[in-house]
Amino acid sequence: MNASRPTLETDGPPAEQIQSVVAAFTKHFGRQPNFGAAAPGRVNIIGEHTDYNDGFVLPMAIDRWTVVVGDHALADRSTFLAVDLKETAHCDLRGELSPIEGNFANYLMGVADQFNKRAIKVPNLDIAITTSVSIGAGLASSAAMEVAMATLLEVLLKKSFDPVEKAKLCQKAEHEFVGTPCGIMDMLIAIKAKSDHALLIDCQTNATEPIPLPLDKDVSILIADTHVRHDLAQSEYVNRRQTCEDAARKLGYETLRQVESDYEPAVNKITTTGQALTEEEVLCATHVLNENKRVQSAANALRKGEMETVGQLMFDSHTSLKELFKVSCEELDVIVDTAAKLRADSGVLGARMTGGGFGGCAIILCNTQSVDKISVDLLEAFVEQFDYLPTLFTTPAVGGARSIGV
Ligand code: GLA
């Protein structure tokens, strides 16, 4: 086997991860794969529940990877092997495709389906997939799978998409095969991430701007996975999205992004369309309008290296997600509140929940030299309340999806 790290980027999935998925493919299919691709997970530094409102987000890709390897199938059907789950699924990629309820293969088939729908005919394939992006942790594991699959198909079919088109294709796969009406943030960052940078995304135009993020030297991003996975996350996501769309419509716009930035929903509940916003719509719209401003302020502060300002904006974002948008949970709040209490002289700069909410991860922006001490304090405070430990890890900001040598 000739598993090598990517040649252009200095980061990428570890050689052992590539080797293990290649070995699993070889064992299962009795031959070596010829193609490989990888895509990273992400944390969102700030800008939550703004992407599907055409707003701003500021994510970075993390050093956790989904790796897919594969080749043309020898039989008249496709086989997907989920190495971590020890599960296989089958379908005929050349025929009419439809989701299989609750199956991991939906992320892969959904992407193939989008290629087919764009008249790029996908042949039957044998594929093995593995991931170090925790599933359901708010680290965009779904997008990592979809983008890795799309990248594999690009290499295999010698077809290369414009990055935004590719992100939209993966987003459509998620909508149609997984059923989550997500925004475009997760796919765009998995595709366009740049090492040592966060990515400012304007979800109205899909314009992106990498912003330097000198992690490790002075500051670090510490991720705390609460291991809480709430079933209601998906249905509440759908509800919040609907509430935002209703608010925008009542205000006479298609999206909340179009609403004047100095408009205050709580003050001006009666709209030009004559329809009053409900209390819930006022709260959600207020969060989105203010969060968009916070993202722009955070991007400005980052450009100037004003990390304390970024940190404060993160705390403000969390308060808004907890009190107005109502997507936090006790476990996330304990992490963020503990970080806020430690703050003064402990090296904590900011903290907030990241991702869709109702569990998953919080991120803490802190001085690198204080990471160990802050971790101990967070673990102690958490275990005292909940009797188990969250998983803590730091990560560099890595580059986006790429093909890999196998
Ligand atoms: C999930 C979705 C994203 C985004 C976030 C909330 O991660 O996949 O599109 O909406 O929630 O910011």
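Read the numbers this way: they start at 1 and go in the same order the structure lists the ligands and their atoms. Side-chain atoms are counted along with the backbone in the values below, which use heavy atoms only and exclude waters and symmetry mates. For clarity, every value in this text was computed on a predicted model and none was experimentally measured.
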query: Of all the non-hydrogen atoms in the protein, which one sits nearest to atom 10 (O) of ligand 1, and at what distance?
result: Tyr237 OH, 2.6 Å
Check ion pair Arg42-Asp186 (N to O, under 4.0 angstrom): yes
query: Taking only heavy atoms of Tyr52, which atoms of ligand 1 are found under 4.0 Å from at least one of them?
result: 10 (O)
message: Could you check, using the six-membered ring where one of them is a Trp, whether Phe161 and Phe115 have ring centers closer than 6.0 angstrom?
response: yes
- prompt: If we only count N/O pairs under 3.5 Å, is Asp186 in contact with ligand 1?
  reply: yes
- prompt: What is the ring orientation for Tyr237 with Tyr52, classed by angle as parallel under 30°, tilted 30 to 60°, or perpendicular over 60°?
  reply: perpendicular
Ring geometry between Phe35 and His72 (parallel below 30°, tilted from 30 to 60°, perpendicular above 60°): perpendicular
query: Parallel under 30°, tilted from 30 to 60°, perpendicular over 60°: which one fits the rings of Phe382 and Tyr388?
result: perpendicular
statement: Within 4.0 Å of some non-hydrogen atom of Met185, the atoms of ligand 1 are 4 (C), 5 (C), 12 (O)
message: For atom 3 (C) of ligand 1, what's the nearest protein heavy-atom neighbour? Residue, atom name and distance, please.
response: Asp51 OD2, 3.3 Å
task: Taking only heavy atoms of Gly183 into account, list the atoms of ligand 1 that are under 4.0 Å away from them.
output: 9 (O)
message: Nearest 0.5 Å, please: how far is CD1 in Ile223 from CG in Leu392?
response: 10.0 Å
message: Heavy atoms only, cut-off 4.0 Å: how does Arg42 contact ligand 1, side chain, backbone, both, or neither?
response: side chain
